[in-house]
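We count ligands from 1, going down the list as the structure has it; atoms in each ligand are counted the same way.
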Amino acid sequence: MLSVIVCCYNEAKVLPVFHRRLIAVLKTLSIRYELLYVNDGSRDDSLALLSRFCQTPGVRCLNLSRNFGKEAAMVAGIDHARGDAVLFIDADLQDPPELIPLMVHHWLSGRDIVNMQRRSRVSDTSGKRISAYLYYKLMGFLADKFEVPPDVSDFRLIGPAPLAALRAMPERTRFMKGLISWLGFNTLEVPYDREPRNAGQTKWGPLALVDLGIEGVLALSRKPLRWFSLLSLLIFISTLAFIIQQFSVETLSTHHFILGVAAFIALGTAMIGEYLGATLSEVRQRPIYLLNSQFGEMPRQSGKPGTTPSREQETT
Ligand code: UDP
Ligand code: MG
């Protein structure tokens with residue numbers, strides 16, 4: 001069975017047409033499926049729409065207690081999916097549901113992970129294109145002994161073995177792109193054309209993207225700390241050489257030099273702070289998300305599927 005997971009945050013404008021298109025495609029699959037929506041604290045009519053969708057058997061919804069962010073919403077989906085494999089798709093129709101049968105075909109032919117990879121970024125602004133290019137270069141540099149494929153979106157199918165591995169991961173900070181690459185397994189990248197958003201707005205402003213980028217680096221690699229240690233050593237040696245040289249000519253004017261070193265130290269301290277912050281969120285062991293309610297066809301539910309939302313408080 002395949003669990004199709006859809007994370008939604010304020011997607012009321014697009015959800016009706018998305019749901020219709022998705023269900024039409026899922027009905028053509030040769031395997032069993034369930035559709036699992038994760039409402040990530042939407043403030044519009046998304047929840048009302050989702051509860052209506054859940055009146056159809058095989059459609060369920062997890063309603064998070066607030067907006068936790070897409071990465072956390074995906075973890076909620078993974079935790080509650082009942083399928084052997086999961087497939088993530090965005091609600092805004094940027095990922096065409098019509099490609100799902102192809103992804104399932106690759107899974108059934110033996111692939112563990114099927115990543116959909118953007119063929120081009122022509123629809124992006126040049127700023128986003130350049131930053132994405134640089135970011136994937138940096139990722140490639142940071143990742144040790146594994147590759148982070150560029151331009152891979154969250155539109156992917158994860159088979160039973162990597163799914164079990166993901167569920168067993170104890171860490172709080174989830175950077176799905178990096179984690180999936182780290183897992184390894186038999187992975188296939190399938191090129192596709194990402195459509196423009198059907199309706200509504202993107203939830204990722206430039207600052208949110210920078211934030212996601214930093215989280216990714218922190219989750220993936222300790223290399224920046226090592227680079228900083230090596231650079232510090234280099235600066236220490238050159239400082240020593242500089243001071244000895246200045247003493248010998250008796251013109252010790254170190255203002256600019258000290259300023260440079262201070263800026264360098266400030267940068268290093270900030271970086272250590274970031275890693276410490278990431279460690280703190282692991283140590284705190286707070287749940288990644290909180291569930292407010294879940295509805296749709298649930299286990300142990302005796303009534304008809306999807307009638308009233310159950311309010312089982314659940315901490316994950
Ligand atoms: N999303 C979410 N929680 C968030 C932000 C986004 O569940 O805090 C969902 C959103 O509803 C959509 C998907 O994640 O289904 C991708 O978001 P978006 O289209 O805004 O990202 P973009 O495609 O612009 O990168
Ligand atoms: Mg989108």
Chemist: May I ask you to test the Glu189-Val152 pair for a side-chain heavy-atom distance under 4.5 Å?
Modeler: yes
Chemist: Provide, to 0.1 Å, the distance between atom 23 (O) of ligand 1 and the closest protein heavy atom, together with that atom's residue and name.
Modeler: Gln94 OE1, 2.7 Å
Chemist: Within the 4.0 Å heavy-atom shell around Asp92, which atoms of ligand 1 are there?
Modeler: 19 (O), 23 (O)
Chemist: Would Val38 and Leu50 show up in the same hydrophobic cluster when neighbours are defined by side-chain heavy atoms closer than 4.5 Å?
Modeler: no
Chemist: At what distance is the nearest protein heavy atom to atom 3 (N) of ligand 1, and which residue and atom is it?
Modeler: Asp40 OD2, 2.7 Å
Chemist: Of the protein's non-hydrogen atoms, which lies at the shortest distance from atom 24 (O) of ligand 1, and what is that distance?
Modeler: Thr202 OG1, 2.5 Å
Chemist: Quick one about Tyr289 and Asp40 (side-chain donor to acceptor, distance below 3.5 Å, no hydrogens or angles considered), yes or no?
Modeler: no
Chemist: Would a 4.5 Å heavy-atom cut-off, applied to side chains only, mark Gln117 and Pro150 as touching?
Modeler: yes
Chemist: Without hydrogens or angle criteria, can the side chains of Tyr37 and Ser46 be said to hold a donor-acceptor pair below 3.5 Å?
Modeler: no
Chemist: Return the residue, atom name and 0.1 Å-rounded distance of the protein heavy atom closest to atom 16 (C) of ligand 1.
Modeler: Asp90 OD2, 3.3 Å
Chemist: So which protein heavy atom does atom 20 (O) of ligand 1 come closest to, and at what separation?
Modeler: Lys203 N, 2.6 Å
Chemist: With heavy atoms of Cys8 as the reference, note each atom of ligand 1 found under 4.0 Å away.
Modeler: 7 (O), 11 (O)
Chemist: Report yes if some heavy atom in the side chain of Arg21 is under 4.5 Å from a heavy atom in the side chain of Pro96; otherwise report no.
Modeler: yes
Chemist: Should you measure from each heavy atom of Asn67, which atoms of ligand 1 turn up under 4.0 Å away?
Modeler: 3 (N), 4 (C), 8 (O)
Chemist: Using heavy atoms and a threshold below 4.0 Å, how should the contact between Val38 and ligand 1 be classified: side chain, backbone, both, or neither?
Modeler: neither
Chemist: One thing to verify: whether Glu11 and Arg197 come together as a salt bridge, which I'm taking to mean a side-chain N less than 4.0 angstrom from a carboxylate O.
Modeler: yes
Chemist: Any luck finding a side-chain donor-acceptor pair between Asp112 and Asn186 under 3.5 Å?
Modeler: no
Chemist: Do Leu47 and Phe295 make a side-chain contact, defined as non-hydrogen atoms from C-beta onward lying under 4.5 Å apart?
Modeler: yes
Chemist: Below the 3.5 angstrom mark, is there an N/O of Lys128, backbone or side chain, next to an N/O of ligand 1?
Modeler: no
Chemist: Would you tell me which option among Met74, Glu71, Glu11 has the nearest heavy-atom contact to atom 11 (O) of ligand 1?
Modeler: Glu11
Chemist: Can you pull out the closest protein heavy atom to atom 25 (O) of ligand 1? Residue, atom name and distance to 0.1 Å, please.
Modeler: Trp204 CD1, 3.4 Å
Chemist: A side-chain contact here means heavy atoms from C-beta on lying under 4.5 Å apart; do Asp92 and Phe18 qualify?
Modeler: no
Chemist: Considering non-hydrogen atoms of the protein only, which is the closest contact for atom 14 (O) of ligand 1, and what is the distance?
Modeler: Lys70 CD, 3.2 Å
Chemist: Going by the atom numbers of ligand 1, which of them fall below 4.0 Å from some non-hydrogen atom of Arg197?
Modeler: 18 (P), 19 (O), 20 (O)
Chemist: Could you pull out the atom name of the N/O/S atom in Asp92 that is nearest the Mg ion (ligand 2)?
Modeler: OD2
Chemist: Hey, is Cys7 touching ligand 1 through its side chain, its backbone, both or neither, going by heavy atoms under 4.0 Å?
Modeler: both
Chemist: Can a salt bridge be assigned to the pair Asp151 and Arg194 using a cut-off of 4.0 Å between side-chain N and carboxylate O?
Modeler: no
Chemist: I need the atoms of ligand 1 closer than 4.0 Å to a non-hydrogen atom of Ala91, numbered in the order shown.
Modeler: 15 (O)
